[in-house]
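Just so we're clear, the structure is a prediction, and the values are computed from it rather than from any experiment. In listed order, ligands and their atoms are each counted from 1.
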Amino acid sequence: MYPYHMPGHKRRAWGELPESMYSMDITEITDFDNLHDADGIIAKLQIQAAQMYHADESFYLINGSTAGILSAISCAVSQGGRILMSRNCHKSSYHGAYLRELGISYLYPSYHEKCGILEAISPKQVEKALEQTPDVQAVLIVTPTYEGRIADVEAIAEIVHAKGIPLIVDEAHGAHLGLAEGFAKNSCQCGADLVIHSVHKTLPSLTQTALLHVNGNLIDRDKLRRFLRIYQTSSPSYLLMGSIDNALHRIETQGADAFRSFKENCIQMMHRLSDCKNLRFLPMDGVHQDFGKLLISVRDTELTGKQLFDILRDRYHLELEMAAGDYALAMFTINDGTEAYTRMVQALLEVDKSVSKAAGFTERMPLLDRSIFDEVSGKTLWEAWDAPMEFVELQESVGRCAAEFVNLYPPGIPLLVPGELIREECYSEIKKAYEQGLTVQGLSVVEDVNGIQTIQIKVLQ
Ligand SMILES: Cc1ncc(COP(=O)(O)O)c(C=O)c1O
C-alpha cells in the first residue's frame, strides 16, 4: 500500500533514526484496529495479555502506567469523593486525585530502619485505616515499591472487599510477576480489582508501554474505557503497542528459561555479595523483596547513596537506577546477560574493601510518616494546588504549608504534597537531599547579582 495518510514521515526514514522504526510506525489504517475501540488485532492481543496475567480484561497503555493510574482512580472514585491511598504512591496517583478533586486519606508505610526505605503497606494498616475512614470509595496501594518491597495483596484485597469497595494496585514495578514459577503472584491473581503494570520498567519493552487489568464486578468498565480515551493520546503508537506484543509473545514462548536464569543469577549475585563487610544488601527472596531490585545500603559507612552511585558510574561505568540518602538501587531483568551480574559483584566487592565504617547510624528521619494534612491548611490537595501561593526561602518555609509538590526524582514519590505542613525535619531532609546532589523537583534556585544562590519553595499565602 502506498501511504496517503498520517504520519507525515510516510514510513520512510528521515534523518538519523533507523528505517525499521518508520516502517512500523503506522496508524489506524484498514485491518489495524483502533486501541480506543478495539475489535480486531489489538482486541486479540489484549485478550492474550489478560490470559497471561490472569485478568478478566486487559488494556494496552501507550502513555505509561501514568495513564492507567489516572484512569483507575477516576473510574473507581466519583468526582469529589474520597480515596485511601498509601503515602508512598507515585506522583501520578496524586495527579489523579487532583484532577477528580478527591479527598485523600493516607496509609503511612512503616520504615525499614536498617536500610532507610519505606516498607510496603501491611494488611493491618489497611484494616485500621478503613475503620477510621468509612467514607472512602477505593483503596490504592503500590507494590512492589520502587525499592522492591512486596505487599500481601491477597490479605489486603480481602479486607478491602469486605467493605464492598475496590482495590487498585499500582504494580508498575511488577509487570514480571505471576509469569513464571518462583516469582511472587501478580495482584490480579491476588484479587485486586484494578492493576497497573509498566511493561517498560521490568520487561524488555519500549518506554511508555504499560498495561491496565480489570477484575471482578466492582468496576464500571464503560467508565474505565471513557477515562482511558480521555487520558491517552488519540494517536496510539503502533511501535509502542508492537513492543508490548513482542515482549509478551517472547515471554510466552521463551519465558520459563529466561525467568529461571534471571532468578538464579540474582541468587548467585546475592551469595557472592555476602562477602562484603561494609555495604549491606536487602536479601532478594521474591516474597518480601522482589528479584531484580538490588538495594545497596551504605548505612554505617562513610558514603552517601549518591557517592556510591557516582563511584559505580565514574569508576566502573555502571549506571544505576537511583540513589537516595542511605542507599543506591540497581535493577536487573530477564534481558540482562551474565556480564551485568559479574561486573556489579566485582565493583561492589572492590568498593566494599575501600570504604570504612562511619561511627553510628546516619541519622535520618522518615519523611513520609506524618498525618498532618488537611487539618493544618484546611485544604485538600486540589484546593491547595490551585490556591494563591508565594515563594519563600527554603529555611523560612518551616511552619508554612506547601503549595507545590516537592519530589525526589527518581522515585517520584512526593516529599511534600500541596497543603502539607512543612516541618523542621522535612526542611532539613529536603536541604540534605539537595546538598547531596539528588534531583529534588519543585524547588527554585534563584541567583542574585553577586552570584549568591538561594533555594526557594512555593508555600500557601
Ligand atoms: C510506583 C510507580 N507508579 C507509577 C509510575 C508511572 O509509570 P510510567 O512512567 O510508566 O507512567 C512510576 C514511575 O516511575 C512508579 O514508580
Side-chain angles (χ1 to χ4, degrees), residues 49 53 58-74 76 83 85-99 106-107 109 117-121 139-151 153 167-177 184 186-187 192 194-213 227-228 230-233 236-237 239-241 243-244 247-248 289-290 292-293 295 320-324 327 329-331 333 368 405 407-415 417 438-442:
Y53 284 95
S58 299
F59 299 91
Y60 270 32
L61 305 174
I62 36 66
N63 287 16
S65 281
T66 296
I69 289 168
L70 295 176
S71 306
I73 292 174
S74 302
I83 190 166
M85 69 183 219
S86 54
R87 180 60 180 78
N88 60 334
C89 277
H90 181 255
K91 57 183 179 177
S92 52
S93 303
Y94 293 86
H95 295 167
Y98 166 77
L99 288 170
Y106 284 117
L107 293 156
I117 59 168
L118 296 167
E119 281 289 5
I121 291 296
V139 176
L140 166 60
I141 59 165
V142 54
T143 178
T145 63
Y146 204 98
E147 291 82 10
R149 305 306 286 166
I150 300 175
V153 179
L167 173 66
I168 307 169
V169 179
D170 173 356
E171 207 162 68
H173 292 269
H176 59 300
L177 298 183
N186 66 56
S187 290
L194 287 160
V195 180
I196 300 101
H197 284 143
S198 279
V199 189
H200 70 94
K201 288 194 200 306
T202 59
L203 292 177
S205 187
L206 293 177
T207 298
Q208 284 189 213
T209 56
L211 290 165
L212 169 66
H213 311 284
F227 283 109
L228 284 169
I230 292 173
Y231 293 128
Q232 297 218 92
T233 170
S237 159
L239 208 51
L240 296 184
M241 292 189 282
S243 156
I244 302 176
L248 297 190
Q289 180 68 14
D290 193 15
K293 288 280 170 82
L295 189 127
L320 268 60
E321 169 66 20
M322 71 163 287
Y327 64 90
L329 185 74
M331 274 184 66
T333 74
L368 309 175
F405 284 96
N407 301 321
L408 262 190
Y409 205 87
I413 299 168
L415 299 175
V417 176
L438 303 176
T439 306
V440 187
Q441 297 176 330

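Side chain of Gln289 to main chain of Glu147: a donor-acceptor pair is present (N/O by atom type, distance under 3.5 Å, no hydrogens or angles). In this structure, the side chain of Ser86 does not engage the main chain of Ile121 through any donor-acceptor pair within 3.5 Å. Looking only at distances, no side-chain donor or acceptor of Asn88 sits under 3.5 Å from a matching main-chain atom of Val142. Asn407 places no side-chain N or O within donor-acceptor distance of the main-chain N or O of Tyr409, the cut-off being under 3.5 Å. Without hydrogens or angle criteria, Thr209 side chain to Ile244 main chain gives no donor-acceptor distance under 3.5 Å.
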Check your understanding: Given His213 and Ser58, is the side chain to side chain donor-acceptor pair (under 3.5 Å) satisfied, shown in steps?
Key -> CA-CA 4 Å; His213 311 284; Ser58 299; 2.7 Å; yes
What does the N/O contact table under 3.5 Å look like for ligand 1?
residue  : atom   : partner : partner atom : Å
ligand 1 : 3 (N)  : Asp170  : OD1          : 3.2
ligand 1 : 3 (N)  : Asp170  : OD2          : 2.6
ligand 1 : 7 (O)  : Lys201  : NZ           : 3.4
ligand 1 : 9 (O)  : Lys201  : NZ           : 3.4
ligand 1 : 10 (O) : Ser65   : N            : 2.8
ligand 1 : 10 (O) : Ser198  : OG           : 2.8
ligand 1 : 10 (O) : His200  : NE2          : 2.8
ligand 1 : 11 (O) : Ser65   : N            : 3.2
ligand 1 : 11 (O) : Thr66   : N            : 2.9
ligand 1 : 11 (O) : Thr66   : OG1          : 2.6
ligand 1 : 14 (O) : Lys201  : NZ           : 3.1
ligand 1 : 16 (O) : His173  : NE2          : 2.7

